[in-house]
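Working notes for the structure below.
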Amino acid sequence: MSPLARRRIIQFRANRRGYWSLWIFLVIFLISLFAEGVANDKPLLVIFEDRLYFPIFETVLETQYGGEFVTEAEYRDDYVRELIENKGSIYWPLIRYSYDTINYNLPSAAPSFPTRENLLGTDDQGRDVVARLIYGFRISVIFGLVLTILSSIVGVAAGAVQGYFGGRIDIISQRFIEIWSGLPVLFLLIILSSFVEPNFWWLLMIMLLFSWMGLVGVVRAEFLRGRNLEYVRAARALGMSHLRIMSRHILPNAVVATMTFMPFILSGSITTLTALDFLGFGLPPGSPSLGELLAQGKANLHAPWLGISGFAVISLQLSLLVFIGEGVRDAFDPRHNI
């Protein structure tokens, strides 16, 4: 590890708020990555007649447990559970509901209040709120990460070309960005939603068309400054290709500025997806979504646990990302002293 990288790690750890926020975020995200093993309506393990079954990874027919139907076993059915427990044992995850599992034995009409079985209650369709929060957290973070990485790649490439070559390329690109950034993104999404049913990848591609402009200005300024440095001029005089000069001599300086902005771009991407889901133009109906949970809380004011749960998770998620971003910014700032 280089001394510079070691110094940045030490500086990041010196920012206690950002350091602990990173660990808390990683733990929560790791739990959500294995959501199927934490919240699922299928058992983790079934031992039946000295044989091991893993229902979350494989399809086990009811007839294999001695049932009557040649279909996948419904483990929440009392009849199937009795068949298994008579000749074996069944091991459930911590939460016995998936994000789309409907609880038909509610103590009151949906949305039902929190109980021991549903710790944060259910939504207006009888689905467990905790399970939907776990799955919703995962899909929002993955969406934000993918969008941040792709938009950073496109934005860095566009800014590098503008800043390095300058001249007409820079002027034409700047005018294009000014026009493109002025387009109403939300209205375009609403119009396109009437033609195409939104899904994860469709939303990702649409948002990528507009989110890449966030880093162009920073990278462009770095390349405008770096192209006139002495060692860059020397490399050009020695016949080194433009691509190699950009990637080896100027880009490392631009990456520093890019890294400080990425946590904030990630939080902005998550906020955008949440807003679209809240307005009903995001993920398909039934998908685990934090924005959809907020919309349910707005529509069911008599069930405050819906809005409070969604708001708490989104607030925690964005706060952790902002604190991490502040820590990264301090770590990459050469003027920051430990």
Side-chain angles (χ1 to χ4, degrees), residues 21 24-25 28-29 31-33 35 38-39 95 97-103 106 108-115 118-148 184-190 192-193 197-200 202-204 206-207 210-211 263-323:
S21 295
I24 295 172
F25 180 81
I28 298 176
F29 183 50
I31 293 174
S32 67
L33 280 180
V38 178
I95 301 172
Y97 297 93
S98 184
Y99 68 90
D100 57 351
T101 305
I102 299 177
N103 186 359
L106 297 176
S108 60
S112 64
F113 53 84
T115 61
N118 303 109
L119 296 179
L120 293 178
T122 63
D123 62 5
D124 57 5
Q125 298 184 34
R127 299 169 298 192
D128 186 72
V129 173
V130 177
R132 292 188 67 80
L133 286 175
I134 295 174
Y135 283 88
F137 185 93
R138 178 177 68 178
I139 196 171
S140 64
V141 174
I142 292 177
F143 180 89
L145 285 173
V146 176
L147 180 59
T148 300
V185 182
L186 182 59
F187 289 160
L188 288 176
L189 287 172
I190 294 174
L192 292 174
S193 297
E197 182 180 358
N199 55 49
F200 182 92
W202 186 87
L203 286 175
L204 184 67
I206 295 297
M207 294 307 303
F210 300 94
S211 62
F264 301 102
I265 297 176
L266 174 58
S267 61
S269 302
I270 293 174
T271 304
T272 301
L273 178 64
T274 303
L276 289 174
D277 289 334
F278 178 80
L279 296 174
F281 300 105
L283 297 172
S287 302
S289 167
L290 301 178
E292 189 260 350
L293 189 62
L294 290 178
Q296 287 200 30
K298 175 179 176 292
N300 299 276
L301 297 179
H302 61 284
W305 55 86
L306 296 177
I308 293 175
S309 300
F311 173 77
V313 172
I314 294 174
S315 300
L316 176 64
Q317 186 181 53
L318 297 181
S319 298
L320 292 176
L321 289 174
V322 170
F323 294 153

Taking every heavy atom of Ala131 against every heavy atom of Ala39, the minimum-distance pair comes out as CB-CB, 3.9 Å
Please examine the side chains of Ile142 and Phe29, heavy atoms only from C-beta on, and report whether any two atoms are closer than 4.5 Å. yes
Value for CG (Leu133) from OG (Ser309), rounded to nearest 0.5 Å, stands at 5.5 Å
Look at the rings of Phe200 and Phe143 and say which category their plane angle falls in: under 30° parallel, 30 to 60° tilted, over 60° perpendicular. perpendicular
Does some side-chain heavy atom of Val129 sit less than 4.5 Å from a side-chain heavy atom of Asn118?
no
CD1 of Ile102 to CZ of Arg127, rounded to nearest 0.5 Å, is 7.0 Å
>> Checking the side chain of Ser112 only, and the main-chain atoms of Ser108 only, is there a donor and an acceptor separated by less than 3.5 Å?
In response: no
Point to revise | Any side-chain heavy-atom pair of Gln317 and Ser140 under 4.5 Å | key: yes
Heavy-atom nearest pair, Ala35 first then Tyr135, reads O-OH, 3.5 Å
To the nearest 0.5 Å, atom CH2 of Trp305 lies from atom OG1 of Thr122 at 7.5 Å
CG of Leu290 to CG of Asp277, rounded to nearest 0.5 Å, is 8.0 Å
When rounded to the nearest 0.5 Å, the distance separating CD1 of Ile134 from CG of Asp128 is 8.0 Å
Nearest heavy-atom approach of Ser32 to Phe137 is OG-CD2, 3.7 Å
Quick one, Ile28 and Leu316 - any side-chain contact, counting heavy atoms below 4.5 Å?
yes
Determine yes or no for a side-chain-to-main-chain donor-acceptor pair under 3.5 angstrom, with Glu292 supplying the side chain and Ser287 the backbone. no
Notebook entry, point to check: So do His302 and Pro111 actually touch side chain to side chain, heavy atoms under 4.5 Å?
Noted result: yes
For Thr148 and Ser269 the tightest heavy-atom approach is OG1-OG, 3.8 Å
Tightest non-hydrogen contact, residues Lys298 and Phe278, listed as CD-CZ, 3.6 Å
Rounding to 0.5 Å, atoms CG (Leu320) and OG (Ser267) come to a distance of 11.5 Å
Answer yes or no: is there a side-chain heavy-atom contact under 4.5 Å between Thr272 and Leu147?
-> no
